[in-house]
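The structure appears below as structure tokens.
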Amino acid sequence: MNEISPTLKDRHLSVDILRGIALMGILLMNIPYFGLPEITFHHQIFSQLGDTNYKTNFIISVLFEGKMRAMFSLLFGAGILLFTARKEEASGGSLQVADLYYRRMIWLVVFGVVDAFFLLWPGDVLYWYGLIGLLLFTVRNTSPKRLIIGALLCFAFLAFKGWWSFAESKQKHDKYLTAIAVVKKNKPLTEEQKSDTTSWLNLEKEHKYDPKKAEKEIKVTRSGYAKLWYHLVPFNVRIQSMYFYGGFWDALGMMLLGMALFKKGVLSNQSSQKTYWLMLLLGYGIGIPLGSWVVHFGNDIVVNYGRFLDDNWVAPFPFTYDIRRVSMVFGHIGLIMLLFRTGIFNWLFRSIAAVGQMALTNYVSHTLICTLIFNGYGLGYFGRFQYYQLFYFVPGIWLFNLIFSTIWLKYFQFGPIEWLWRSLTYWKKQPFKKIP
């Protein structure tokens with residue numbers, strides 16, 4: 001195992017590295033939503049099977065989609081334990097820690113509202129993380145075993161919820177087919193059958209590419225700030241309310257698992273070499289084949305949703321979702337820790353750790369950079385690129401994060417938004433510059 005200086009040990013360098021990689025990986029998931037209407041890039045991916053868009057999506061879906069956000073959630077859970085443990089050790093009690101902790105989470109919620117409603121990023125997760133974080137203080141001393149059980153219950157509930165939604169869709173399609181059979185016999189439909197037909201057609205429409213809807217989305221996103229803000233308000237409200245219901249169990253399960261893994265020493269580079277090799281081999285051994293099998297169902301959903309429902313008795317996505325995510329995240333963590341221990345890439349890992357230390361600043365920087373590139377009050381490139389071309393922007397943003405974070409932390413103790421967050425948490429201006 002490579003040696004780490006006491007300062008870096010105190011910072012849990014491996015946690016910062018994992019957080020930095022997760023944050024950078026999240027951009028791979030977000031860049032299509034910054035640059036194209038969702039219905040457009042889904043259409044581009046599956047309209048020509050085997051082309052560059054499809055191949056790009058295959059790699060992203062199998063290796064990164066959902067996995068980077070899952071890893072980020074794991075690290076958020078670990079961060080809760082790091083924060084509370086340090087503060088309890090310093091104060092000798094939990095009352096003052098609770099005050100600081102809840103203030104910290106409430107301000108994170110505020111940052112999330114700003115990111116979504118004022119910086120115009122509907123995909124913001126800070127709001128969700130802050131709200132879920134408010135609940136996790138009470139389980140900080142829970143055993144790893146119970147935390148893992150809690151995580152598994154969350155995943156099981158999500159699978160059940162996905163199955164229920166799938167079953168409802170199948171039922172709607174079956175009722176529609178029954179109504180169509182009546183029409184073919186030249187018999188009149190009942191009011192209930194008319195309602196069933198409308199219900200299915202509306203559901204099917206949600207899965208079909210609508211060029212007029214896409215063009216409308218492109219036009220408004222290329223407009224000025226005020227018009228786009230007004231357009232996004234209803235969507236942001238749905239994301240931060242109705243969609244939060246599903247996202248809650250997703251993020252909560254991963255945070256609980258992250259707390260358990262941190263307590264076990266997995267995230268802080270304290271596990272054995274054998275453990276990390278096992279994580280890598282089993283994680284990728286399960287996650288890659290399963291992900292490769294599931295990804296092709298996306299074409300069936302986009303091209304013919306009714307046929308997809310007829311051909312499958314169980315929903316392949318929700319039933320395998322968290323198995324795929326956890327497996328791949330374990331594989332990623334195993335690979336990263338093994339590479340870290342070689343010491344070969346220390347120069348790169350230290351820059352990535354700087355990105356992780358400034359995760360909040362870098363997360364918001366992704367919003368600022370991408371909205372200025374794609375939205376109308378910036379360069380207005382929204383809708384001008386193919387799906388695969390959007391990923392050309394990612395290395396440049398990563399390079400900016402690596403260079404900016406490394407240089408910034410040479411002169412300052414915290415990232416600019418981390419410093420603001422810390423000052424608001426303590427309700428007192430915190431030291432900022434490093435003392436020479």
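A donor-acceptor pair under 3.5 Å is formed between the side chain of K170 and the backbone N or O of L309. The closest donor-acceptor contact from the side chain of S351 to the backbone of T406 lies at 3.5 Å or more, if one exists at all. With hydrogens and angles disregarded, a donor-acceptor distance shorter than 3.5 Å links the side chain of N362 to the backbone of V355. One N or O on the side chain of W408 and one on the backbone of F414 form a donor-acceptor pair closer than 3.5 Å. Using a distance-only test at 3.5 Å, with no hydrogens or angles considered, a donor-acceptor pair links the side chain of T342 to the main chain of L339. Here the side chain of W277 pairs no donor or acceptor atom with the backbone of G334 at under 3.5 angstrom. Of the possible donor and acceptor atoms, one in the side chain of Q389 sits under 3.5 Å from a partner among the backbone N and O of Q386. Checking side-chain atoms of K67 against main-chain N and O of E65 turns up a donor-acceptor pair under 3.5 Å. Proximity of a side-chain donor or acceptor of N236 to a complementary backbone N or O of A116 within less than 3.5 Å is detected. A donor-acceptor contact shorter than 3.5 Å is absent between the side chain of Q357 and the backbone of L13.
Taking a cutoff of 4.0 Å between a charged side-chain nitrogen and a carboxylate oxygen, R325 and D322 qualify as a salt bridge.
With no hydrogens or angles considered, a side-chain donor-acceptor pair links S268 and Q270 at under 3.5 Å. For the residue pair N30/H366, the side-chain donor-acceptor check at 3.5 Å is not satisfied. No side-chain donor-acceptor contact under 3.5 Å links N401 and S405. Using modelled atom types and a 3.5 Å distance limit, the side chains of S195 and T198 yield no donor-acceptor pair. One side chain, Y284 or H332, offers a donor N or O that lies under 3.5 Å from an acceptor on the other. Counting only N and O atoms by type, the side chains of R146 and T142 include no donor and acceptor under 3.5 Å apart.
Results of the ring-ring contact (aromatic ring centres under 6.0 Å, His included) test with H173 over Y305, W200, F308 single out W200 as the only residue that passes.
Among all heavy-atom pairs drawn from T320 and L290, the shortest one is CB-CD2, 4.1 Å. Considering every non-hydrogen atom in both D210 and I39, the closest pair reads O-CD1, 3.5 Å. Pairing each heavy atom of L27 with each of C370, the nearest pair is CD1-SG, 4.1 Å. Pairing each heavy atom of L74 with each of M254, the nearest pair is CD2-O, 3.0 Å. The minimum heavy-atom distance linking M358 with P416 is given by the pair CE-CD, 4.0 Å. Taking both residues in full, the closest heavy atoms of I31 and L390 are given as CG1-O, 3.5 Å, listed atom of the first, atom of the second, then distance.
Within 6.0 Å of OH in Y230 there are 12 or fewer heavy atoms belonging to other residues, nucleotides or ligands. Atom CH2 of W229 is surrounded by 12 or fewer heavy atoms from other residues, nucleotides or ligands within 6.0 Å.
Ring-centre distance between F374 and Y381: not below the 6.0 Å cut-off. A centroid separation of less than 6.0 Å is found between the aromatic rings of F385 and F393. Between F160 and W163, the ring centre distance stays below 6.0 Å. Between F349 and F340, the distance separating the two ring centers is shorter than 6.0 angstrom.
Residues passing the side-chain contact (heavy atoms from CB on, under 4.5 Å) test with Y377 are L120, Y225, L228, T371, L372, N375, sequence neighbours excluded.
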Listing, residues 212-220 side-chain donor-acceptor contacts under 3.5 Å, not counting sequence neighbours, or none:
unit_1: E217; atom_1: OE1; unit_2: H231; atom_2: NE2; d: 3.3

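Two residues are said to be in side-chain contact when any heavy atoms from C-beta on lie closer than 4.5 Å; F117 and Y127 fail this criterion. Side-chain contact between F41 and Y33: present, with at least one pair of heavy atoms (C-beta onward) separated by less than 4.5 Å.
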Inset, instruction - Evaluate the salt bridge (charged side-chain N to carboxylate O under 4.0 Å, His left out) criterion for residues R69 and D250: first the C-alpha distance (whole Å), next the side-chain angles of each, then the deciding distance (0.1 Å), finally the verdict. - result: CA-CA 10 Å; R69 179 165 46 83; D250 177 317; 3.1 Å; yes
Inset, instruction - Assess whether ring-ring contact (aromatic ring centres under 6.0 Å, His included) is satisfied between F34 and W121, documenting all intermediate values. - result: CA-CA 8 Å; F34 277 117; W121 172 225; 4.0 Å; yes
Inset, instruction - Would you sort out whether Y388 and D51 count as a side-chain contact (heavy atoms from CB on, under 4.5 Å), showing the intermediate values? - result: CA-CA 10 Å; Y388 77 90; D51 69 357; over 6 Å; no
Inset, instruction - Determine, step by step, whether R19 and D16 satisfy the salt bridge (charged side-chain N to carboxylate O under 4.0 Å, His left out) criterion, reporting the C-alpha distance in whole Å, the side-chain angles of both residues, the deciding distance to 0.1 Å, and the verdict. - result: CA-CA 5 Å; R19 188 187 296 112; D16 288 332; 2.8 Å; yes
Inset, instruction - I would like to know whether H12 and F262 meet ring-ring contact (aromatic ring centres under 6.0 Å, His included); could you show each step before the answer? - result: CA-CA 11 Å; H12 287 276; F262 183 76; 5.5 Å; yes
Legend entry - Check against side-chain hydrogen bond (donor to acceptor under 3.5 Å, both in side chains), E418 and T361: CA-CA 7 Å; E418 283 76 11; T361 293; 2.5 Å; yes
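Sorted by first then second residue, the side chain to side chain donor-acceptor pair (under 3.5 Å) pairs that include residues 70-82, not counting sequence neighbours, are S73-Y129.
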